[in-house]
Amino acid sequence: MDRVQGVSLHADSVDANSKTYSPELRNQLIQIIDSNKQLLRSTGYFLDLTGAHALFDELQRPFGRERTRELANLVVEKNPQVDKSTLRIIDNDLIPLGRGNPVERFKSLVVFIANYRVIMRDFGLDIRPSKPTIRTRRPQ
């Protein structure tokens, strides 16, 4: 396997209000999330996009820990020849949702909820299979 040279995908890369916004990376992230939703619908397995740090961030957030706002399992690889960035999935473990014994089902549900909360809050995208990926925010 080739070694991927890059950095974890940070929320600022897909936030239109950021100086480092890249519509190309946002579109790639949306495609990955849509594929992940299809995988979950058809097989019952999902790809952990955030990595373990997101789960730990969620558990420590009530105690004042600042969020990292990045997806550790997605890396931005820059190609200087064509001045283009590509998202690469570096951890492709599939997690069964709602399968196995009660402890395994609970663990997979916790991982899914952590993924959902981080991606929804920091990236503005919804990973739940029954919801649209791009959600418009309600007026305040």
Can you hop from V76 to Y21 via hydrophobic side chains spaced under 4.5 Å? no
Between the side chain of R88 and the main-chain N/O of L74, is any donor-acceptor distance below 3.5 Å? no
Output for pair (F46 CZ, I33 CD1), nearest 0.5 Å, gives 13.0 Å
Looking only at heavy atoms, the pair that brings R99 and T43 closest together is NH2-O, 2.6 Å
I'd like to know if the side chain of N115 reaches the main chain of D48, judged simply by a donor and an acceptor atom lying under 3.5 Å from each other, with no hydrogens or angles considered. no
Would the distance check show the side chain of K78 and the main-chain N or O of V7 forming a donor-acceptor pair, the cut-off being under 3.5 Å? no
If only atom types and distance count, is the side chain of N73 paired as donor or acceptor with the main-chain N or O of I90 below 3.5 Å? no
So, taking the atom named CG in N36 and the one named CG in L49, what distance separates them when rounded to the nearest 0.5 Å? 5.0 Å
Close side-chain approach of Y45 to L40, heavy-atom, < 4.5 Å: no
Any heavy-atom pair between the side chains of T86 and N79 that's under 4.5 Å? no
If I compare all heavy atoms of F123 with all of R26, which pair ends up nearest, and what's the gap? O-NH1, 3.7 Å
Drop me the distance from F112's CZ to R117's CZ, to the nearest 0.5 angstrom. 13.0 Å
I'd like to check the side chain to side chain contact (heavy atoms under 4.5 Å, CB included) partners of N101; sequence neighbours left out, ordered by chain and number. V103, E104
Using a 3.5 Å distance criterion without hydrogens, assess whether the side chain of E24 forms a donor-acceptor pair with backbone atoms of S85. yes
Tell me if a side-chain donor or acceptor on R105 pairs with a main-chain N or O of G100 at a distance below 3.5 Å. yes
When rounded to the nearest 0.5 angstrom, what is the spacing between NZ in K84 and OG in S22? 10.0 Å
Would you mind reporting whether L25 and L29 have side-chain heavy atoms less than 4.5 Å apart? no
I'd like to know if the side chain of N92 and the backbone of L94 have a donor-acceptor N/O pair within less than 3.5 Å. no
Is there a path of hydrophobic side-chain contacts, each under 4.5 Å between heavy atoms of I, L, V, M, F, W or Y residues, that connects L9 with I134? yes
Is there a side-chain contact between D122 and E70 (heavy atoms, below 4.5 Å)? no
Spacing of CD1 belonging to I95 relative to CG belonging to L47, to within rounding of 0.5 Å: 8.0 Å
Side chain to side chain contact (heavy atoms under 4.5 Å, CB included) filter on F106, not counting sequence neighbours, yields V110
So, does S108 use its side chain to make a donor-acceptor pair with the main chain of P96 at under 3.5 Å? yes
Closest approach of K37 and T133, non-hydrogen atoms and distance? NZ-OG1, 3.0 Å
To the closest 0.5 Å, what do you measure between CG (L71) and CD1 (I89)? 11.0 Å
